[in-house]
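Here, residue 1 is the first one in the sequence, and each next residue gets the next number.
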Amino acid sequence: MTPLLEQFLSESRDAIQSIGEKLMQLETRPDDQALMGELFRLVHTLKGNSGLFDLPEMIRVLHAAEDLMDTVRAGRATYSQALADQLLEAMDFVLAVLDEIQQADSDNLPANADRSAAAVDLARSLQQLKPDDDPPKAVAASQAPSTGESANASTSDSTSPSGAGAATDRATASAAIPSANSDLSAALARVSEALRMQLYRQTLAGETFFLICYEPEEECFFKGEDPFFQIIQVDTPLWRALSAREPWPDPETLDAYRCLLRFECITAMDRDSLAEHFRYVPDQVQVRPITLASLPIPTGAAHDGVPVADYLQTASEQLAHGDLPSLIQSSRVLLELAAPGLRIASAMRWLLLLLETQPEDQALPEALLARIRQLEDPMAMAALPSDSTAGAPPVQAATQAEAQPTADQQESQIPAEQQTRRLSIGEPLAGILQTQAEILALEDQPDWLQGRLRAVAACLRAAFGSLGDQAALTTLETALQQALEQDSPRPLRNWIEVQGAPYLAAIAEAPAALDAADASGLFAASASLADAAAFDTSATPASADAAVRATGDSRGAGAASSAPVGAQASNAAGAQAAPRKFGRRLEDNYATPSAIKVDQTKIDTMMNLIGEMIVAKNALPYLAARAEKVFGVRDLAREIKGQYSTIHRIADEMQDAIMQIRLLPVSFVFQRFPRLVRDTAKKLGKEVHLVMEGESTEADKNVIESLADPLVHIIRNSLDHGLETAEERRVAGKPPAGQLSIRARSESDRVVIEIADDGRGIDPETMRRKAYEKGIIDEQTLERLSDQEAVNLVFAAGFSTAAKVSDLSGRGVGMDVVRNAVAQVNGSIDLKSEPGKGTLLRLSLPLSMAVSNVMIIQSAGQRFGVAMDAVAETVRVPDTSIQTIKQQKTTVLRGRVMPLMALNDLLGLGEPQIANDDRELAVLVVRIENDFLGIIVDDCLETVDIILKPLAGFLGNIKGYAGSALLGDGSVLLVINPRGLL
């Protein structure tokens with residue numbers, strides 16, 4: 001599995017978890033627009049990340065879910081429980097696909113009919129929740145187009161990768177790309193007239209062309225998308241253009257990773273092929289069919305002294321009478337009178353083409369004459385494009401397939417346009433030139449200087465290339481080659497000095513751009529650029545910055561012209577306080593991440609190492625004792641003990657630090673409960689209000705993970721057995737909605753989790769009767785059971801109070817599993833219940849299971865360990881105080897009768913327990929659930945920290961031992977499990 005796929009799976013699971021939480025919150029706050037916005041962004045990001053891999057089913061479902069949530073966010077649909085059910089179902093499907101990827105260890109999942117059919121059904125269900133009048137952005141594969149160009153698309157449910165299944169996918173993607181019916185004049189006006197005439201003839205011959213408008217998401221680069229590669233892979237392009245969706249910001253604030261591009265393309269590809277090509281970004285693409293009526297667009301300069309009015313009157317009469325030869329003759333005369341670059345000349349060329357190709361159709365010629373008449377109105381002309389670049393962004397590029405006029409023709413036809421574009425781009429160009437000049441003024445000589453020179457040249461090449469200034473580009477390449485050969489920035493600096501001055505001057509002379517005072521400041525900026533371009537080698541970067549700041553605005557002429565006049569003085573003051581940063585944004589400053597993800601195996605390795613360190617630390621006291629008693633070197637023993645205290649402190653701090661890394665909040669488990677409670681309550685027909693508190697309480701990862709199944713059993717029991725239906729609660733005088741509370745808190749070195757409900761509680765009499773009927777207790781036990789003991793029968797294996805078996809309860813499996821799971825992590829469980837008022841279940845768990853503190857005991861000449869969590873106390877009991885009741889040794893400890901058992905008898909060692917000189921037996925009092933038991937041992941020695949390892953092989957089936965540990969003297973210590981031993 002690749003690192004990218006592993007990261008995708010991890011982030012996707014986190015996103016699905018967050019989506020589920022947001023959906024649960026929206027059920028109580030359906031009008032929270034901020035919450036809906038967060039949910040929409042999560043699904044949108046998940047869909048975008050899925051686009052990195054070939055996962056069409058997942059993308060189909062996520063796109064339909066995103067479209068539905070966008071409809072709700074826009075107020076065209078209402079958030080409801082049915083809608084939440086479908087969205088949750090969709091997230092379950094996505095999670096199932098992620099599980100498949102995890103198991104397959106690859107994103108190349110084989111074709112699966114069930115998976116594809118499920119995706120189709122889910123997408124259809126999500127689409128059906130949208131209002132009928134809302135046009136879908138994503139259409140499921142099951143929806144068959146009835147009319148239009150994709151009417152022949154297959155609607156088969158086949159999921160094979162070829163044949164009908166492939167046709168289904170193509171039909172789905174085809175319908176997913178909307179066809180805009182808006183006027184195409186604004187877009188086609190930027191296409192050259194020669195190419196549009198060529199398209200007209202081919203369309204008339206029966207060929208089909210589409211205009212593609214592709215606007216990538218602003219964050220597409222962070223999702224691994226390459227929009228430029230996407231658009232250049234379109235087959236048979238006849239024209240392509242690149243523009244900006246909004247004005248470019250100042251160089252200082254420009255975010256290079258925020259995509260503001262718009263790609264446009266004319267292609268002969270069919271709609272199905274386009275849909276397949278853009279199948280992962282259908283919501284970012286518009287495909288518009290090019291019709292005959294959309295191509296005849298007169299473009300060019302305004303009319304100047306051409307007798308258009310007389311021509312229009314004559315032409316209209318000739319067209320009305322069907323006198324086409326006369327109309328053609330008059331149109332050719334007007335074409336000869338008009339300059340080639342005028343708009344009227346373009347209109348005449350189009351009219352002659354229409355009359356030549358479709359003489360019997362008068363609709364288009366009439367529309368064209370009406371268009372010319374409208375353009376003759378000065379008010380109409382002010383509102384319409386005056387040339388072929390009207391409304392076009394300043395940056396565009398055409399393919400070689402487009403018929404291009406020569407350079408001389410271009411210069412003669414659009415001299416005013418060139419000047420306009422030069423003036424419009426001059427504002428940001430001034431800032432670009434200043435920035436590159438400052439970069440070249442740096443005195444450092446890094447190893448990557450040539451890379452810096454190439455980067456500066458690339459920036460200048462892009463800026464001047466947008467102007468079409470081929471002469472400047474040619475000299476730029478020469479200057480770059482000289483700079484690389486000399487390993488010096490001087491040739492490029494000289495180039496900027498020569499080529500940059502005219503543009504700054506053009507901006508300075510622009511009318512109404514600045515008043516007289518501001519104009520003087522602009523000339524100062526121009527002078528400062530010239531000074532910077534001179535690049536005195538004695539100048540330092542600081543002095544260059546000072547020269548720039550002296551202009552009054554460190555951002556250059558572009559910023560001066562774009563800012564309001566009244567605000568320029570304050571901008572200048574602020575610029576003097578903050579030196580220029582070469583156009584870099586504040587976000588470019590690297591910030592160290594506050595958190596990193598660490599694989600669990602690495603933390604486990606650290607725990608193993610600290611465990612070995614603890615074992616090595618525990619060996620020092622034995623070494624000190626040996627040095628003193630065996631070798632008689634008391635001073636060395638003292639030094640070893642001193643070093644032991646230091647190592648002990650360091651090891652404890654390291655152990656605590658690693659334990660902190662392993663801690664997880666209980667929200668890791670709690671996060672699944674809102675969905676569980678919602679679905680279970682809905683299935684049972686109950687109203688339940690869930691309250692969760694203390695979700696930030698932390699415990700060891702292994703403890704947290706061990707809680708998952710026990711808590712699920714407890715919550716299902718509370719919902720099924722504990723809480724009543726709404727009608728039962730009304731009869732009992734309770735609110736219709738029951739309350740289920742889950743609370744977590746820390747107490748000393750333990751984590752306490754309480755699950756409480758305000759339901760019917762547990763009736764002790766019912767528990768006694770059910771336990772007796774099932775044979776769990778006999779008649780004598782039935783008579784002497786207290787109410788609390790009767791309530792605790794719920795933990796007995798095979799016990800259930802359900803009247804009938806269902807998928808939730810009645811099988812006798814549940815609470816006994818909870819008790820065993822809690823006991824395995826050295827935890828305890830306490831149950832309190834009051835009939836008619838509710839039930840409280842309290843779990844007490846250790847913070848960690850990694851390092852255990854045990855008491856070493858001795859019996860029959862052997863040493864054993866007992867976890868300190870289970871030890872209540874140690875006492876010495878005189879043998880005269882031990883009584884035998886029904887063949888069971890007992891004693892009275894602090895007014896309570898406590899049973900006693902000998903460890904040698906429990907372990908089958910066959911030796912009697914040894915008393916001390918005062919005929920007293922050592923008793924280890926252990927806590928098992930809520931009862932106490934005294935275990936008679938030979939002696940209680942010391943407490944040590946150990947790393948408990950489970951027994952391997954067939955020894956692991958021995959329930960009397962919790963595991964083993966290695967002591968400091970190299971011996972192995974068996975740790976007893978009192979509950980399993982009994």
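- Taking the six-membered ring where tryptophan is involved, the planes of Phe263 and Phe228 are tilted, since the angle between them lies from 30° to 60°.
- Looking at Arg201, its side chain never comes within 3.5 Å of a backbone N or O of Leu353 through a donor-acceptor pair.
- The minimum heavy-atom distance linking Asp272 with Asp270 is given by the pair N-OD2, 3.1 Å.
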Test side-chain hydrogen bond (donor to acceptor under 3.5 Å, both in side chains) on Asp250 and Thr253 and set out the steps. CA-CA 5 Å; Asp250 294 333; Thr253 59; 5.2 Å; no

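- For the pair Val285 and Glu215, the minimum side-chain heavy-atom distance is 4.5 Å or more.
- Within the 6.0 Å centre-distance limit, the rings of Trp495 and Phe464 are counted as a close aromatic pair.
- Remark: side-chain polar atoms of Thr203 are not paired, donor with acceptor, to backbone N or O of Tyr200 under 3.5 angstrom.
- Take Phe8 and apply the ring pair (Phe, Tyr, Trp, His ring centres under 6.0 Å) test, not counting sequence neighbours, and it matches Phe53.
- In this structure, Ile231 CD1 and Tyr214 OH are separated by 7.5 Å, a value rounded to the nearest 0.5 Å.
- Under the 4.5 Å side-chain criterion, counting only non-hydrogen atoms from C-beta, Glu193 is in contact with Arg349.
- Using a distance-only test at 3.5 Å, with no hydrogens or angles considered, no donor-acceptor pair links the side chain of Thr299 to the main chain of Ala189.
- Using modelled atom types, one finds no donor on one side chain facing an acceptor on the other under 3.5 Å when comparing Arg196 with Gln198.
- Between Gln436 and Leu460 there is a side-chain heavy-atom pair separated by less than 4.5 Å.
- Between the side chain of Ser346 and the main chain of Leu342, no donor-acceptor pair closer than 3.5 Å is present.
- Side-chain contact, Glu217 with Gln284: a donor N or O sits under 3.5 Å from an acceptor N or O.
- Residues Glu246 and Arg258 are paired through a salt bridge, judged by an N-O separation under 4.0 Å between the basic side chain and the carboxylate.
- Although no hydrogens or angles enter the test, the distance criterion places no donor-acceptor pair under 3.5 Å between the side chain of Ser294 and the main chain of Ile290.
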